Amino acid sequence: MAVQRRRHHYYHRLRRLLPFISAVSGALLILFALLSFLAPSPVDSDQIRHRHSLKVAEDDAAGVSAFRVPSGGGRSGRDLWNSRNSKFYYGCSNASNKFQKAEAVTHLNRYLAIATSGGLNQQRTGITDAVVAARILNATLVVPKLDQKSFWKDSSTFSEIFDVDWFISFLSKDVKIIKNLPRKGGKTLTPYTMRVPRKCSERCYQNRVLPVLLKRHAVQLTKFDYRLANKLDTDLQKLRCRVNYHALRFTDPILDMGKKLVHRMRRKGKHYIALHLRFEPDMLAFSGCYYGGGEKERKDLAAIRRRWKTLHISNPDKERRHGKCPLTPEEVGLMLRALGYGSDVHIYVASGEVYGGEETLAPLKALFPNFYSKETIATKEELEPFSSFSSRMAALDFIVCDESDVFVTNNNGNMAKILAGRRRYFGHKPTIRPNAKKLYRLFLSKSNMTWEAFASRVRTFQRGFMGEPNEVRPGRGEFHENPSTCICEASEAKAKKDSGPRKFGKGSDANKKDVVIDDQNVDEEPEWSEDYGEDQNELSERGIFNGTGLDYDGAISEDPELEEMLSD
């Protein structure tokens, strides 16, 4: 009975305590919920810490930081200003003996006109491929029309950007080119307007365009960018190279101003790096990337993204993890310092408006104080003839980047592809493309390692992304970026190289370090289909990395075809 009374007593006490326990538990749950709501997400926390400006070579407030960037370049273990084995390779684009002269293959009453699309470098690919298309059709090419209605609203004609007489003369043995359609019966021929699919092959042109050309005698192909297959007959590929690397020469005013800019960079130091930064607001908006800027960044980029009604980004952080986003200016600077470039190196930056302005650029400038652009090394009066024309301003940047000792591209768009191919053709001058997929996680965890460990991993990740010979397997990637058909190896030098001492162990070859291991967006890059059936994720990648609307200064063409493809 005593036991029962004690149990009854404890039972009543517990019943009296239950409301108090419930109230305390509820209060704790509410407090926990508020803390969870107010705390940033793990991704945001990582990104915000990542965005914090680096204090170069200083101790942090809590003591001595393990991650301190040295003022010097450090040990890189390689020549910073030249590509390994570049002396064994050279550009070769002469036609073979079986490639007949234009006068022998050009048919009368066949005229091909071309309307290009996009900005300067996107149009350059169209002009190059237009010459080859005319050769496939055995037609006379009319000097291509440049896009004057897209985002850039640049009224420049072909002859105001390129030396048209040189263009016609240099290619006279390959393709007959005229400046305007001829007149017949007192009237200028009116061309039949049509469009070919992207990556149209030789057979595609012969099946789709030639029958119309035979009937109408004059055809104009519109939106002509990336309208020619990546893989063609060897002689046609070499013709592409003759057009792109020899026939397309800027006009004298552009060349003269470009040479002045290069000369001024050379006077500042023995070497200079040219950086195509690509961190403009519309570039970031289209890429669907997120950089830890909180609600303001999300609202800013979302407002720009509404320009494309069918473009939806569901997971912005995923784009960065997969290496599909430009690096931040600070990340670019850290990568270059890790590769061995010291704070005394001079950098020329080709860029439009940078998202975040000077605040975003400050960490890069802290790492590389010798920071220049065409606006800082030329007077406003000198740039005035070009400043109202985006393509002419782009041409100036093109020249300075092409002549640089090292070119760094922060994404693989049109200008990057054209310059990468050109620099391979003319001696494999170093061209650095960030391995963004591998570097992303490294940047997030840099505070947990020493500078030496960080720099070592950067150098490891960048193997295969430095513009070395044999970096990309022949035939892979865009031909304009990797013109492997037009790159020859010097036989005598190769024999000497192969017979020399081996430095990398038994069975090794010096070239093996140049071969891509993690190809990121090269070996696994999907080809365009002949129709427009890409899914949205693939198009998002191709839009950034293959120029389906993006070009110089991050501007995006108002291209209805882009809308059409996005909606597929």
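Along the sequence shown, residues carry numbers from 1. Since we're looking at a predicted model, the values are computed, not measured.
In plain terms, the two heavy atoms of Ala350 and Cys401 that are nearest each other are CB-SG, 4.0 Å. The nearest pair of heavy atoms linking Pro326 to Leu284 is CG-CD2, 4.2 Å. Nearest heavy atom pair, residue Leu301 against residue Cys289, reads CD1-O, 3.9 Å. Closest of all the heavy-atom pairs between Leu367 and Val69 is CD2-CG1, 4.0 Å. Taking each heavy atom of Leu334 and Phe443 in turn, the nearest pair found is CB-CE2, 4.1 Å. A pairwise comparison of heavy atoms in Phe368 and Gly342 identifies CE2-O, 3.2 Å as the closest pair.
Here the side chain of His428 pairs no donor or acceptor atom with the backbone of Ser83 at under 3.5 angstrom. Judged purely by atom type and a 3.5 angstrom limit, Arg124 has no side-chain atom pairing as donor or acceptor with the backbone of Ile418. In this structure, the side chain of Thr460 engages the main chain of Ser456 through a donor-acceptor pair within 3.5 Å. Thr376 contributes no side-chain N or O that, together with a main-chain N or O of Tyr372, makes up a donor-acceptor pair within less than 3.5 Å. A distance-only check finds no donor-acceptor pair linking the side chain of Glu478 to the backbone of Asn230 [under 3.5 Å]. Judged purely by atom type and a 3.5 angstrom limit, Thr431 has no side-chain atom pairing as donor or acceptor with the backbone of Gly467. Without hydrogens or angle criteria, Glu280 side chain to Gly352 main chain gives a donor-acceptor distance under 3.5 Å. Under the 3.5 Å distance criterion, the side-chain polar atoms of Asp147 are left unmatched by any main-chain donor or acceptor of Ser117. Side chain of Arg264 to backbone of Ile377: a donor-acceptor contact under 3.5 angstrom is found. Side chain of Arg433 to main chain of Phe465: no donor-acceptor pair is present (N/O by atom type, distance under 3.5 Å, no hydrogens or angles).
Side-chain atoms of Ser447 and Phe67, non-hydrogen and from C-beta on, never get closer than 4.5 Å to each other. In this structure, the side chains of Val472 and Glu481 stay at 4.5 Å or more apart for every pair of heavy atoms. No side-chain heavy atom of Glu331 sits under 4.5 Å from any side-chain heavy atom of Pro434. In this structure, the side chains of Asn482 and Arg424 come closer than 4.5 Å at one or more pairs of heavy atoms. No side-chain heavy atom of Asn244 sits less than 4.5 Å from a side-chain heavy atom of Tyr425. Contact of the Val458 side chain with the Leu339 side chain is registered, since non-hydrogen atoms from C-beta on lie closer than 4.5 Å. At a threshold of 4.5 Å between non-hydrogen side-chain atoms, the residues Met257 and Ile399 do not count as touching. Annotation: side chain of Pro329 is in contact with side chain of Leu277 (closest heavy-atom distance under 4.5 Å).
Considering NE2 of His276 and CG of Asn121, their distance stands at 7.5 Å, rounded to 0.5 Å. Between the CE atom of Met393 and the CG atom of Leu120 there is a distance of 12.5 Å, given to the nearest 0.5 Å. The CG atom of Asn414 lies 5.0 Å from the CD atom of Gln122; values are rounded to the nearest 0.5 Å. How far OH of Tyr245 is from OG1 of Thr128: 8.0 Å, rounded to the nearest 0.5 Å. Between Leu383 atom CG and Leu261 atom CG the span is 7.0 Å, to the nearest 0.5 Å. Between Leu336 atom CG and Leu80 atom CG the span is 10.5 Å, to the nearest 0.5 Å.
In this pair, Trp81 and Tyr341 present their aromatic rings perpendicular. The plane angle is above 60°, beyond the 30 to 60° band. Between His480 and Tyr226, the ring planes lie perpendicular to each other; the angle is over 60°, past the 30° to 60° tilted range.
Asp300 and Tyr355 form a side-chain donor-acceptor contact under 3.5 Å, judged by distance and modelled atom types alone. Between the side chains of Ser373 and Glu375, a donor-acceptor pair is found at a separation under 3.5 Å.
By the 6.0 Å and 45° rule, Arg298 stacks over the aromatic ring of Tyr290. Figure legend: Arg392 and Phe250 shown without cation-pi pairing, the cationic atom not lying both under 6.0 angstrom from the six-membered ring centre and within 45 degrees of its axis.
Crowding of Lys365 atom NZ: a count of heavy atoms from other residues, nucleotides or ligands under 6.0 Å exceeding 12.
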| field | side chain to side chain contact (heavy atoms under 4.5 Å, CB included) between Glu160 and Leu146, intermediate numbers included | value | CA-CA 10 Å; Glu160 289 173 321; Leu146 302 189; over 6 Å; no

| request: Go through His271 and His346 one step at a time and tell me if the side chain to side chain contact (heavy atoms under 4.5 Å, CB included) criterion holds. | output: CA-CA 7 Å; His271 303 289; His346 294 78; over 6 Å; no

| task | Check step by step if side chain to side chain contact (heavy atoms under 4.5 Å, CB included) holds for Arg321 and Tyr440. | result | CA-CA 6 Å; Arg321 291 200 310 270; Tyr440 170 71; 3.4 Å; yes

| Given the rule in the side chain to side chain contact (heavy atoms under 4.5 Å, CB included) test, do Thr157 and Gln148 qualify, once you have shown the distances and angles that lead to the verdict? | CA-CA 8 Å; Thr157 63; Gln148 298 176 338; 4.0 Å; yes

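Arg423 and Glu471 are not joined by a salt bridge, as no carboxylate oxygen comes within less than 4.0 angstrom of a charged side-chain nitrogen. The pair Asp397-Lys374 counts as a salt bridge, with a side-chain nitrogen and a carboxylate oxygen less than 4.0 angstrom apart. Ionic pairing of Lys429 and Asp405 is not present here: no N-O contact between side-chain nitrogen and carboxylate oxygen is shorter than 4.0 angstrom.
Shown are Val345, Ile347, Asn370, Val400; of these, the side-chain contact (heavy atoms from CB on, under 4.5 Å) with Tyr272 is made only by Val400.
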